[in-house]
Structures are given as C-alpha cells and as structure tokens.
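Letters go in sequence order (proteins before strands), and every chain restarts at 1.
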Number of protein chains: 2
Amino acid sequence: MADNKEPSPAGEAWGLIVGLFFSSRPRFFQLAQEFDLAPMQLRALKELQPDREVPMSALASVLFCDASNVTGIVDRLEARGLIERRPSAEDRRVKMLRVTPEGERVRAQLVERMSEPPPAIAALSAADQRQLRDLLRKAQAAADAAAEPALSAR
Amino acid sequence: MADNKEPSPAGEAWGLIVGLFFSSRPRFFQLAQEFDLAPMQLRALKELQPDREVPMSALASVLFCDASNVTGIVDRLEARGLIERRPSAEDRRVKMLRVTPEGERVRAQLVERMSEPPPAIAALSAADQRQLRDLLRKAQAAADAAAEPALSAR
DNA sequence: TATTGTTATACTCTATAACTATA
DNA sequence: TATAGTTATAGAGTATAACAATA
C-alpha cells in the first residue's frame, strides 16, 4: 500500500492527514444521506453563520469554488427552506445569504455531528489529543501569518 | 468564522485537519489540471502500484466508492493509456488493473507533487513536523489495531 | 469599464438498479 | 445463489464563457 520511498516528516504527516480524511469519507457521505443533503450543501450550510448575512461571493470564497457553482448549491439549499437570498442594502448587485430558523435547527445538529473526530483520533490518549491540537493550531497560525501580509499588501 | 463553542481537543484537532485539507483543495485541482486528469483519476492512479496487479474491486475499496463508479474512472484512465485491464488467470469474472509504462512515468511525477505538504505544515519547525508525524502515525496505528480484530472476528 | 450573480454548456463523480458472465 | 464488473439512469459538483444588472 505504501510506496518504497523515504518521505520527509512533513511529507509523511501530510500523507497521513490525507489518508485520515479519505478514510472518513464514507462517514461523511452517510451523514449527508441522513440529512438528505448533498456533500457540498452540507459544507455550505456549516459555513454559514446563523447570526450574520454574507454575500454569495464570500461563500464561494470559503468553499474554494466558482461563483457559478455556488448559484446551484444555494438554489438547492433555498429550495429546501434552509437558507434564503436577500438583496443587499448597499450594493444592489449583491445578494446576501441568511440561514432560516429551520436551517439553523438543521445546522446545529450538523455541526455537532461533523465535529465528531474519526476513530483514529478518538483512540489517542487525552495528552496526545491535546498535543496534536496544539501542533495543528501552530500550523494554522503559521499559515495565517504567511497569508495575511500578502492580503494587506495589495 | 469559528463557532462560539468549546470543542474537545480531539474535536478541535479534527476540525483543523478538515480545514487544512480543504484549504489545499485549489492546489489539488490545479495539479489535476496540470496533468489533465480529473481529481478521482489522479487519486486512482496514485493508488495503483506500478509493480503489481489489483482487481477493480480492490481499487473501489481504497477509493471508498461504488464499483459502477470505478468502471468510468478506469475507462478514462485506460483511454489515456495510463493503465490497462487484463483478465485474471484464476477467476474469469475478475479484471486486473496494471499501470502502463507511460502511466508509471506520469504516476511518479504525480506522487512526487502530491506529497508536497501545504504551507501550514511546511511552516512548522523540523521538530514540530516530526512530532506531528509521530502523533499521526500513532493515530493510524490505533485505528488499524481497532479495525483488524473486527475483520478477523467474522 | 469592472463586478456580482445567473445561465448555458460540457464533463466528471456519485449511487441505485438491472444486467451479463462467471463461480 | 452469489459475485465481479458493466450499463443505464439520474442527480450533484466542477469550470468556462457569455450575459444582465449594477457600480
């Protein structure tokens, strides 16, 4: 299953993360089925904070996909009554997205279920779990620090 | 962007892993585009060891998807001349998959590129990278240990 | 002119169900 | 009867390009 190469620690760690993610795919698909929502609809609903409105473009940004794509995803969530489009007050080209009360209810369950760690992580000792979390926090902080100057520079 | 909840270390670690994975999505799609292969084709080619033949069902298993799905993915890879189907000697229902020399060439580049860690991990110190790798190895070992008895028990 | 979101188009991924050929 | 793979079908995700409304 593994290649006969000697990867760097970072490379191996990344490989393990990818493997961890993919092995949890069936669980994710099953979750989507339970909620009767397609995978990307699940993720979109998770990203939308119940207490604030965001433009479609912001959703496209956090989902890392094209705006034309978001139109369809939002269409389906809106047809289900979980979110709604509202015209923006400042810019009439923009449409703001808002989670409906029903959507808020579904989303709460969803977020709860999606945050359950997979068996591999759950099996670690409490000390190892904290250490893993701390390292990942550090990694994210490093990535954020590297990304922000580029944004504020333009 | 974050919910106002206090997740467990394991839950937070899992959330960070998912975030890490999704933020590397554009990189992955760009890679697929460079190789002119669709995402799942990329993953399938990566999973197929150049030096051994595996049945279609084994590929379906590692990709965590349905056999009917694999038919299409294999069709497209075979049309590109990267892999080929061969009849199994033992069971004539089974078709074995084999990477072609051209596929082997492409796959080597692919594996090289896919194992490059994302910026967040690359930014960690060497010591932190090793620690992260060790924790993830431990997690995987724990998951494997938990999974195997269940298989041998039935 | 530039930007936001939509529509049209085309391709891939996804599963279910029905099918063929083997076992 | 059961299994490996295919085909048919239908829905969803994906990007590109052309478009309308607005800035």
Side-chain angles (χ1 to χ4, degrees), chain A residues 22 25-47 53-80 82-98 154, chain B residues 22 24-47 53-80 82-98:
Chain A
F22 274 113
R25 236 170 67 111
R27 217 178 46 134
F28 182 66
F29 275 59
Q30 190 194 334
L31 190 60
Q33 204 165 19
E34 280 178 37
F35 282 84
D36 194 26
L37 289 171
M40 282 305 286
Q41 293 171 36
L42 224 66
R43 289 199 42 231
L45 184 55
K46 175 168 175 281
E47 293 296 341
E53 292 188 334
V54 297
M56 306 260 305
S57 58
L59 183 56
S61 176
V62 299
L63 294 180
F64 296 107
C65 69
D66 194 84
S68 66
N69 204 339
V70 172
T71 296
I73 294 168
V74 165
D75 280 349
R76 292 183 275 269
L77 284 172
E78 195 171 30
R80 283 281 296 273
L82 301 177
I83 66 176
E84 56 185 16
R85 276 180 250 235
R86 298 166 56 86
S88 162
E90 295 103 34
D91 186 335
R92 283 160 61 192
R93 292 173 303 182
V94 173
K95 292 179 189 166
M96 306 299 282
L97 300 176
R98 180 198 207 90
R154 62 172 159 130
Chain B
F22 275 113
S24 75
R25 236 170 66 112
R27 219 178 44 134
F28 182 66
F29 274 60
Q30 189 194 336
L31 190 60
Q33 203 165 21
E34 280 178 37
F35 283 84
D36 194 24
L37 289 170
M40 282 305 286
Q41 294 170 35
L42 224 67
R43 287 198 45 230
L45 183 56
K46 174 167 175 279
E47 294 296 342
E53 291 188 334
V54 297
M56 307 258 308
S57 58
L59 183 57
S61 176
V62 300
L63 294 180
F64 296 105
C65 69
D66 194 84
S68 67
N69 203 339
V70 172
T71 296
I73 294 167
V74 166
D75 280 349
R76 292 182 275 271
L77 283 172
E78 196 171 29
R80 283 281 297 271
L82 301 177
I83 66 176
E84 56 187 14
R85 276 181 250 234
R86 297 165 56 85
S88 162
E90 294 103 34
D91 187 335
R92 283 159 61 192
R93 292 173 303 182
V94 174
K95 292 179 189 167
M96 305 299 283
L97 300 176
R98 181 199 209 89

> CD of B/E84 to CZ of B/R98: how many Å apart, nearest 0.5 Å?
6.5 Å

> Assign each of A/A67 and B/P39 to its nearest nucleotide of DNA chain C by heavy atoms, then name whichever residue's nucleotide is nearer the 5' end.
A/A67

> Heavy atoms under 4.0 Å, any strand shown: does B/T71 hit a base, just sugar-phosphate, or nothing?
base

> Where the side chain of A/P55 is concerned, which of C/dG5, D/dG5, C/dA15 is the nearest nucleotide?
C/dG5

> Which value, rounded to the nearest 0.5 Å, describes the distance between A/R76 atom CZ and A/T71 atom OG1?
10.0 Å

> I need the CD-C1' distance between B/E78 and C/dT12, as an integer number of Å.
18 Å

> Does A/R76 have a side-chain nitrogen or oxygen under 4.0 Å from the phosphate oxygens OP1 or OP2 of D/dG13?
yes

> Rounded to the nearest angstrom, tell me the gap between atom CE in B/M40 and atom P in D/dA12.
19 Å

> Please determine whether a side-chain nitrogen or oxygen atom of B/K95 lies at a distance below 4.0 Å from atom OP1 or OP2 of D/dT6.
yes

> Nearest 0.5 Å, please: how far is CG in A/L97 from CZ in A/R85?
7.0 Å

> Round to the nearest Å and state the distance from B/L63 atom CG to C/dA15 atom P.
10 Å

> Would you list the atom pairs, donor with acceptor, under 3.5 Å between side chains in residues 27-45 of chain B and any protein atom, with sequence neighbours excluded?
unit_1 : atom_1 : unit_2 : atom_2 : d
B/R27  : NH1    : B/E116 : O      : 3.2
B/R27  : NH2    : B/E116 : O      : 3.0
B/E34  : OE1    : B/R113 : NH1    : 3.0

> Could you check how far CE of B/M96 sits from C1' of D/dG5, rounded to whole Å?
14 Å

> Could you tell me which non-hydrogen atom of A/V70 sits nearest to which non-hydrogen atom of A/M56, and how far apart they are?
CG1-CE, 3.9 Å

> Distance-only, no hydrogens or angles: does the B/E47 side chain make a donor-acceptor pair with backbone N or O of B/L59 under 3.5 Å?
no

> Under 4.0 Å between a side-chain N or O of B/N69 and OP1 or OP2 of C/dC13?
no

> Heavy atoms under 4.0 Å is the rule here; annotate nucleotides 17-23 of chain D 5' to 3' with B where the base is hit, S where only the sugar-phosphate is, and - elsewhere.
B---BBS

> Which sits closer to the 5' end of DNA chain D, B/V94 or A/I73, going by the nucleotide each is nearest to?
B/V94

> Could you tell me whether B/R43 contacts a base, only the sugar-phosphate backbone, or nothing, with contacts defined as non-hydrogen atoms closer than 4.0 Å?
nothing

> Within less than 4.0 Å of OP1 or OP2 of D/dG13, is there a side-chain N or O belonging to B/R25?
no

> Report the distance from atom CG of B/D36 to atom P of D/dA15, rounded to the nearest whole Å.
16 Å

> Only distances under 3.5 Å count here; give the side-chain donor-acceptor pairs of residues 62-69 of chain A to other protein atoms, sequence neighbours excluded, each with its distance to 0.1 Å.
unit_1 : atom_1 : unit_2 : atom_2 : d
A/D66  : OD2    : A/S68  : N      : 2.9
A/D66  : OD2    : A/S68  : OG     : 2.7

> Name the closest nucleotide to the A/A38 side chain, picking from C/dT14, C/dT6, D/dA12.
D/dA12

> Give, for atom NZ of B/K95 and atom OG of B/S57, the distance between the pair rounded to the nearest 0.5 Å.
12.5 Å

> Would you kindly give the CG-to-P distance between B/D75 and C/dC13, to the nearest whole Å?
11 Å

> In this structure, how many angstroms lie between the P atom of C/dT4 and the CG atom of A/L59, rounded?
15 Å

> Please report the distance, rounded to the nearest Å, between CZ in B/F28 and C1' in D/dT14.
13 Å

